[in-house]
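Position 1 is the first residue of the sequence; numbering continues from there. Heavy atoms only: backbone and side chains are in, while hydrogens, waters and symmetry mates are out. Atoms within each ligand, like the ligands themselves, are counted from 1 in listed order.
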Amino acid sequence: MKKHNFFAGPAILPASVLKEAAAAVTDFAGMGLSILEISHRSPEFVAVLDEAEALVRELLEVSDDYGVLFLPGGASSEFYLTAMNLLNEDETAGYIDTGAWSAKAIKEAKNFGHVNVLASSKEANYNYIPSGYDIPAGLRYVHLTSNNTIFGTQFQEFPETDAPLVADMSSDIFSRPLPLERFGVIYAGAQKNMGPAGVALVIVRKDLLGHVKRALPSMLDYRVHIKGQSSFNTPPVYPIYVSMLTLRWVKEHGGVAAMQKKNEDKAKLLYDEIDRNPKFRTTVEDPASRSLMNVCFVPTDEADTKPFLEAAEAAGCVGIKGHRSVGGFRASIYNSMPKESVQVLVDVMKAF
Ligand SMILES: *Cc1c(COP(=O)(O)O)cnc(C)c1O
């Protein structure tokens, strides 16, 4: 039976990407060698890195004012690397607390400077994106989590501020066009919307670097990786290769504007059914806070949890059990998720 993959991450990748990625494990670029056993400095792999960077720049319209990096350590390493590279001990950064990942970023940043939590939706179990808060002048940067994978909320507009925005976009990178000039740093673990686990994408405005007074170990210094073009040491070659294939797929399918349109379409299908069907209830009431990537909902009657999971599973829908901090269900419908799969889940809900 065909499986419909709603896992939150690592998550669905396009079938054509998986096929090509599998072939490269035995014969990469006609070399008669596996991509897993060649030098990261071979022209064939350097071409992969170059194309991956070029695709990031083209898809998100990233200028030469920014470095584009592929780094190991996941998004979680960027929680501390952003603060370590940007924030002096006597300076203050603003943070918007919209979920578990934001809270982790706040915790790590406190090791390096002052943190001003500008707004939080914690008191409501993070079920909305705060608005209408003041942002004081003089902040080094303002950090936010653009899409809250666990709680199913997403910034539809970014806060107005003179300070550069620093954003964890792990679960919605390449899902929509961005006002790039407002961002100082964008980072994302690959395994939600870009590729397999093992690499993080970092887009960083170069003029923000070199300002901190602390000594930075080479591996933790963004400038070292910009100079080394993501090959200061051996980079995670295979996750970078598969991410590059996925970015090619995004481009072939019309780029991020086309992704956004398709994502809006898929999300509407699902939210409309949740709002219509008396058996289910949304956990994100405010339409302006709803995520197009992770759709969270709960059964009206708690006793329906297990039967619905079983009904979904019987239709091939896997990965919809909600995160333990929200309960119920979560359908992750990233770029690679076809509308037909969302329709299968909606049909299960209708029949339930
Ligand atoms: C998954 C996730 C992370 C953690 O990513 P790792 O690569 O596992 O460190 C951070 N932020 C967000 C928004 C996520 O969805």
Next item on the list: Select one of side chain, backbone, both or neither to describe which atoms of Y187 lie under 4.0 Å from any atom of ligand 1, heavy atoms only.
Entry: neither
Next item on the list: Could you tell me whether T145 approaches ligand 1 through its side chain, its backbone, both or neither, with non-hydrogen atoms closer than 4.0 Å?
Entry: side chain
Shortest protein contact, [atom] (heavy atom only):
| atom | value |
| --- | --- |
| atom 14 (C) of ligand 1 | K192 NZ, 2.9 Å |
| atom 5 (O) of ligand 1 | A75 CB, 3.5 Å |
| atom 15 (O) of ligand 1 | T149 OG1, 2.4 Å |
| atom 11 (N) of ligand 1 | D168 OD2, 2.6 Å |
| atom 9 (O) of ligand 1 | S76 OG, 2.6 Å |

Checklist line | Geometric cation-pi criterion K192 and W101, 6.0 Å radius, 45° cone | finding: yes
Notebook entry, point to check: Cut-off 3.5 Å, side chains only: do E91 and H211 have a donor facing an acceptor?
Noted result: yes
Next item on the list: Examine the side chains of S289 and D286 and answer whether a donor and an acceptor come within less than 3.5 Å of each other.
Entry: yes
Margin query: Can you confirm whether more than 12 heavy atoms, excluding those of D162, are under 6.0 Å from its CG atom?
Written below: no
Check: Excluding sequence neighbours, so at least two apart, what forms side chain to side chain donor-acceptor pair (under 3.5 Å) with N5?
Finding: none
Enumerated ligand 1 atoms positioned under 4.0 Å from heavy atoms of [X]:
| X | result |
| --- | --- |
| F79 | 10 (C) |
| G74 | 7 (O), 9 (O) |
| N147 | 13 (C) |

Notebook entry, point to check: Would you say the side-chain atoms of K266 pair up with the backbone N or O of M337, donor to acceptor, closer than 3.5 Å?
Noted result: yes
Check: Which option out of K104, E78, Q191 puts a heavy atom nearest to atom 8 (O) of ligand 1?
Finding: Q191
Next item on the list: For the pair F329 and F297, name the ring-plane relationship: parallel under 30°, tilted 30 to 60°, perpendicular over 60°.
Entry: tilted
Check: Which other residues end up in the same hydrophobic cluster as V298, if Ile, Leu, Val, Met, Phe, Trp and Tyr are linked when side-chain heavy atoms come under 4.5 Å apart?
Finding: none
